[in-house]
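The block underneath contains the structure these notes are about, expressed in structure tokens.
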Protein chains: 2
Amino acid sequence: MTTVLVVDDQPLQRYGFRILLESVPETEVVGEAAHGGEAVRKAAELRPDVVLMDIRMPGMDGIEATRRIVAAGERSRVLVLTTFDLDEYVHAALRAGASGFLLKDARPDELLAGIRAVALGDAVIAPALTRRLLDEFAQYVPAHRGGHAEDPRLSSLTDREREILVAVGKGWTNGEIAAHFVLSESTVKTHVGRVLAKIGARDRIQAVIFAYDLGLARPSTD
Amino acid sequence: MTTVLVVDDQPLQRYGFRILLESVPETEVVGEAAHGGEAVRKAAELRPDVVLMDIRMPGMDGIEATRRIVAAGERSRVLVLTTFDLDEYVHAALRAGASGFLLKDARPDELLAGIRAVALGDAVIAPALTRRLLDEFAQYVPAHRGGHAEDPRLSSLTDREREILVAVGKGWTNGEIAAHFVLSESTVKTHVGRVLAKIGARDRIQAVIFAYDLGLARPSTD
DNA sequence: GTGCAGGTGGTACCGCGGTACTACACGGTT
DNA sequence: AACCGTGTAGTACCGCGGTACCACCTGCAC
């Protein structure tokens, strides 16, 4: 049994969801909320498996409510549901920690399948949006993930040098790198120097950028 | 009516797909291929709406075949189907231009829904994979798209300081920044110093990383 | 054995980066 | 008028980073 909290400012819309969800045995609507604030409060109180969240609402919108529910560490998964397929919404919702994004014109069985998937910890995206999301994804994700094509400058590095480059990419000073790998600072300097020469960077800053470009370093991987 | 080309090295698997697809009126299997090379050839010849593509095959694999079919500008959409949910496969397939990625353990109706979506130009991802993809997506996509949540450290910066930070993020030296903005190097140092203090970075390297984390700087935006 | 690649370490030197001040001009607020 | 935030600019100082060497050891290939 999957418990659901329905969040929408339109009573009729909530009613429709309730009818649909109660029509199948696996889902149960345990509460409703008409705006973001109520959603956050009821999510904490009712601890539903899934929060069915509208975006456009008076007061606190669905994005912010999603962010707070996720940030609060609630067990609930948030499935954002909207009539608008605007890119910004999708991005904002996903960044807010939503587990899914469906359009309201989805067929009932799609919606139910979505709730089922989200309840299981998976994620769902409306097919119509997935395309654009993937296109963007392909843009952002560095090429070398996907294997095959690796930057020739990278492959010329020895294992040790690659390690050093990663450390440089984390923003570590030579001293920190030396401490971490239990080396003398001189050795680190030697390595760093060779790395810079090999990848064609004039200083460690270029090396950091290089590392980020290739996905060697990752945001907040410290 | 959606025409489908089934690509799999196992005859039995192909047979299974054929039975399933022919069991509904909306899809029709117009051909089969046992490996990548044959898939590329038949896709060009039969011009199916959808290519159901296995990854693991002797000879040319499904990824490469997908790449070639997409690169050839065929009208066919490729739906990759595999037993393995390995990250590398997903990335590689999507980068190769696949319109979808489903697992072979998908329920028949999921598969049919996937084919339907892909035929319409949408894209599908197996729910079990979507989660990980989104997690990565959230990492890669710059924070400022999605608006709302802005790092408080960033908002404390003045316009000029933000400009300077972006320049630092590009890996420019103080001298280069000074030249670019027509300032004295002293002024640049002052600005950089203030930026570092405000964002809590000990040196410009941390600032570069900070800029990348927030998407202020983007790979290869030079 | 000799040679080479890779890893480690050292010395010496220089310059850029960063800090700590101070200073002044401008626009807006009170 | 006094004040503050912002942008500009300067001087002085110090240290880390980077370069240019050289040196030694290990393991592996010839």
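Keep in mind it's a predicted model, so treat the numbers as computed, not measured. We name chains A, B, ... by the order of the sequence lines, and we start the count at 1 in each one.
As judged by a 4.0 angstrom heavy-atom cut-off over every strand, B/Ser186 is placed among the base-contacting residues. Across all strands shown, B/Ser184 has heavy atoms under 4.0 Å from sugar-phosphate atoms exclusively, and none from any base.
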If you apply the rule salt bridge (charged side-chain N to carboxylate O under 4.0 Å, His left out), what do you find for A/Asp49 with A/Arg75, and how did you get there?
CA-CA 7 Å; A/Asp49 296 316; A/Arg75 57 189 290 278; 2.9 Å; yes
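The side chain of B/Thr187 places no N or O atom within less than 4.0 Å of a non-bridging phosphate oxygen (OP1 or OP2) of D/dT8. Taking only side-chain nitrogens and oxygens, A/Arg160 comes nearer than 4.0 Å to OP1 or OP2 of C/dT8. OP1 or OP2 of C/dG7 lies within a sub-4.0 Å distance of a side-chain N or O belonging to A/Thr158.
Remark: P of C/dG9 and CG of A/Asn174 are 14 Å apart, rounded to the nearest angstrom. What separates NZ of B/Lys189 from C1' of D/dG15 is a distance of 12 Å, to the nearest Å. To the nearest angstrom, C1' of C/dG17 lies 9 Å from CD1 of A/Ile205.
Picking from C/dG9, D/dG7, D/dG18 the nucleotide with the shortest atom distance to the side chain of A/Arg204 gives D/dG18.
In this structure, A/Lys189 does not pair ionically with A/Glu185, as no charged nitrogen and carboxylate oxygen lie closer than 4.0 Å. Taking 4.0 Å as the cut-off between side-chain N and carboxylate O, A/Lys170 and A/Glu163 do not count as a salt-bridged pair.
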